[in-house]
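These notes are about the structure you will find just below.
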Amino acid sequence: MTKYELNTETVLIQGRTLRIGGFLWLGFSASGIEFTTSAEHVAVEVCAIAENQPVSENAYLALILDHNLEGMRKIRTRRGTYTYEILRNPDRVPVTVSLIKLSEARNDKVGLGRLLADSPVVPAPAAHRKLLFIGDSLTAGYGIDGSDFDGKVLHRPEEYQFSTGNENPLYAYPMAAARLLNARVQLVCWSGDGIISQWIDPPSDVPVTTDLLPAIYSYTDRTTENVVRIHLGSRGMRDENGAPLTRKDMERWDPARYVPDAIVLNAGTNDVSFTKGIPVRERHFTQNYAHFIERLKTDYPEAKILVVYGLMEQTLMDPAREAAVLSDVEFLPLPLMNPAVDGIGCGGHPSRKTHEKTGRLIAGKLADMLGEERTADTQD
């Protein structure tokens, strides 16, 4: 078996990633690698680290062959460093292998080491069109692989116990839209996050302003980088220059690394827990949202920008629309999910069917914005 380093000569790297301690650390949801090979056997080195936070749970990877989502194999990673067999191909037919992180950056951290294969591996072809989606749990596909339905009884969302096993961004609306547009996708998403506050429990009236969407966007993935550096540094590992792996200034995201043709923003669903219909807070939301949009326009002056809102609730629909108007970008209202017709995911979140419908709606709007012809699947 030959060992192959993960670089642009061997794999297509998807999403935001970090190189620390000899591993390619997968950042936000749907980050990963894709490659093509005729090897009979392929394995990969995987390092998983616990986040040590209450919401933390083992990270999941999706193993997909030839882009067949229905044949997806979900891998629940073990904490520590292990080698996982990911391909048995006795006929040695050419196959495209995708290894994509399903769980969020806020949970266990996952790094990929070298590939071990008995034939060469080469990068999978990359789609020309590029999309960037920024948002919260809706963008991450929270709860999409589970259901709150028990027969005809719908459990209360607040009783749901989070599980990383129920997250799946590959069936969420960003990836659904991207497949219809034959586009690459980068996600920057964090469940419970917002523009001026994270989700706060109903009795509270104090916003949680740490790691808001504009802040996490600024870094490649500072949460993952911080945890990995502390964990590996405590075990004596060193960086590529031989220096100790210690905490340092986190890596700022360089917009030139991935230049999207279009950006889709979906924020506000969690801010509602703080704004509570209070006009001054809603104005604060609008102003900060518009400021964030202007920053994205500076980073990506050629990109089309689409603000969407709705799906789970519509409280901040008008303030979100106003932010789009102030920044002179497009706005698309999303219809509320309909659990009676389309089912529902865990924690009161949308089902796979709802995400599919939303993906078609967004893909149609993006096609118009990008000057592309709509297909039968992207009609309103």
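This structure is a prediction, so every number in the text was calculated from the model and none was measured.
Inter-residue side-chain proximity for Y258 and R184 is flagged as met; some heavy-atom pair is nearer than 4.5 Å. Two residues are said to be in side-chain contact when any heavy atoms from C-beta on lie closer than 4.5 Å; I86 and L115 meet this criterion. Using a 4.5 Å cut-off on side-chain heavy atoms (C-beta onward), V308 and K365 make no contact. Residues T358 and P350 are not in side-chain contact: their nearest non-hydrogen atoms beyond the backbone lie 4.5 Å or more apart. Residues K74 and Y60 have side chains in contact (heavy-atom distance under 4.5 Å, counting atoms from C-beta outward). Taking 4.5 Å as the limit, every side-chain heavy atom of I305 sits out of range of all side-chain heavy atoms of S327.
Expressed to the nearest 0.5 Å, how far NE2 of H41 lies from CG of L116 amounts to 12.5 Å. Atom CG of L63 sits about 10.0 Å away from atom CD of E85, to the nearest 0.5 Å. Once rounded to the nearest 0.5 Å, the distance linking OG1 of T224 with CE of M250 reads 11.0 Å. Between atom OG1 of residue T286 and atom NE2 of residue H291 there is a gap of 14.5 Å, rounded to the nearest 0.5 Å. In this structure, CG on L306 lies 10.0 Å from CD1 on I293, to the nearest 0.5 angstrom. Summarising the geometry, atom OG belonging to S31 is positioned 8.0 Å from atom CG belonging to D221; distances are rounded to the nearest 0.5 Å.
Checked by atom type, the side-chain pair R295/S218 shows a donor-acceptor distance below 3.5 Å. Under 3.5 Å, the side chains of N266 and Y173 contain a donor-acceptor pair of N or O atoms.
Among all heavy-atom pairs drawn from T17 and E251, the shortest one is O-OE2, 4.5 Å. The minimum heavy-atom distance between L316 and G268, with the atom names listed, is CD1-O, 3.5 Å. The two residues D193 and I216 come nearest to each other via the heavy atoms OD2-CD1, 4.0 Å. Of all non-hydrogen atoms in G194 and L212, the two that sit nearest each other are O-CB, 3.6 Å. Between V272 and T315, the closest heavy-atom pair is CG2-CB, 3.8 Å. Of all non-hydrogen atoms in G348 and M337, the two that sit nearest each other are O-CE, 2.9 Å.
Hydrophobic clustering, with ILVMFWY side chains joined whenever heavy atoms are under 4.5 angstrom apart, keeps I20 apart from L6. L24 and Y82 fall within the same hydrophobic cluster, defined by Ile, Leu, Val, Met, Phe, Trp and Tyr side-chain heavy atoms under 4.5 Å apart, directly or through other members. L326 and L332 are members of different hydrophobic clusters when ILVMFWY side chains are connected at heavy-atom separations under 4.5 Å. Both L112 and V121 are assigned to one and the same hydrophobic cluster, defined by single-linkage of ILVMFWY side chains at heavy-atom distances under 4.5 Å. The hydrophobic cluster containing V185 does not contain L61, counting ILVMFWY residues as joined when their side-chain heavy atoms lie under 4.5 angstrom apart, directly or transitively.
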Salt bridge (charged side-chain N to carboxylate O under 4.0 Å, His left out) between R76 and D108, intermediate numbers included: CA-CA 11 Å; R76 184 175 186 263; D108 279 13; over 6 Å; no
Residue pair L131, L366: steps toward the side-chain contact (heavy atoms from CB on, under 4.5 Å) verdict: CA-CA 10 Å; L131 304 176; L366 289 177; 4.2 Å; yes
Steps toward side chain to side chain donor-acceptor pair (under 3.5 Å) verdict (E104, S29): CA-CA 5 Å; E104 293 183 61; S29 305; 5.0 Å; no
D328/K297 under salt bridge (charged side-chain N to carboxylate O under 4.0 Å, His left out): CA gap, chis, key distance, verdict: CA-CA 10 Å; D328 193 25; K297 291 170 70 175; 5.5 Å; no
Chi angles and distances behind the side-chain contact (heavy atoms from CB on, under 4.5 Å) call for I200, K276: CA-CA 11 Å; I200 57 176; K276 293 179 169 59; 3.8 Å; yes
Chi angles and distances behind the salt bridge (charged side-chain N to carboxylate O under 4.0 Å, His left out) call for R352, D342: CA-CA 8 Å; R352 183 183 299 185; D342 299 323; over 6 Å; no
Trace of the side-chain contact (heavy atoms from CB on, under 4.5 Å) decision for L296 with I134: CA-CA 11 Å; L296 293 171; I134 301 174; 4.0 Å; yes
Criterion side-chain contact (heavy atoms from CB on, under 4.5 Å) on E57 and S163, from CA distance to verdict: CA-CA 7 Å; E57 197 172 315; S163 169; 3.5 Å; yes
Working for salt bridge (charged side-chain N to carboxylate O under 4.0 Å, His left out), residues R281 and D205: CA-CA 11 Å; R281 295 181 182 181; D205 202 40; 2.9 Å; yes
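Remark: side-chain polar atoms of D91 are not paired, donor with acceptor, to backbone N or O of V93 under 3.5 angstrom. Of the possible donor and acceptor atoms, none in the side chain of T36 sits under 3.5 Å from a partner among the backbone N and O of V122. No side-chain donor-acceptor contact under 3.5 Å links D136 to the backbone of W190. Listed for the E45 side chain is a donor-acceptor partner under 3.5 Å among the backbone atoms of R114. Between the side chain of T164 and the main chain of N58, a donor-acceptor pair closer than 3.5 Å is present. Checking side-chain atoms of D118 against main-chain N and O of A39 turns up no donor-acceptor pair under 3.5 Å. In this structure, the side chain of D201 does not engage the main chain of P203 through any donor-acceptor pair within 3.5 Å. Checking side-chain atoms of N226 against main-chain N and O of R222 turns up no donor-acceptor pair under 3.5 Å. A distance-only check finds no donor-acceptor pair linking the side chain of S137 to the backbone of S191 [under 3.5 Å]. For T37 (side chain) and P120 (main-chain N/O), a donor-acceptor pair under 3.5 Å exists by modelled atom type.
If you look at F162 and Y142, their ring centroids are closer than 6.0 Å. Residues F35 and Y4 keep their aromatic ring centres 6.0 Å or farther apart.
Few gaps surround CZ on R257; more than 12 heavy atoms of other groups in view lie less than 6.0 Å from it.
The aromatic rings of W25 and F23 sit tilted relative to each other, their planes meeting at an angle between 30° and 60°. Using bins of under 30°, 30° to 60° and over 60° for the plane-to-plane angle, the ring pair F292/Y217 lands in the perpendicular bin.
By the salt bridge (Lys or Arg N to Asp or Glu O under 4.0 Å) test, K130 is found to be paired with no residue, residues two or more places apart in sequence or in another chain being considered. For F28, the ring pair (Phe, Tyr, Trp, His ring centres under 6.0 Å) test picks out no residue, with sequence neighbours left out.
Ionic pairing of E167 and R106 is not present here: no N-O contact between side-chain nitrogen and carboxylate oxygen is shorter than 4.0 angstrom. Ion pair K353/E356 not flagged as a salt bridge, since none of the NZ, NE, NH1 or NH2 atoms sits closer than 4.0 Å to an Asp/Glu carboxylate oxygen. Between R129 and D261, at least one side-chain N (NZ, or NE/NH1/NH2) sits under 4.0 Å from a carboxylate O, which counts as a salt bridge.
The stretch residues 296-333 participates, sequence neighbours left out, in no ring-ring contact (aromatic ring centres under 6.0 Å, His included) pair at all.
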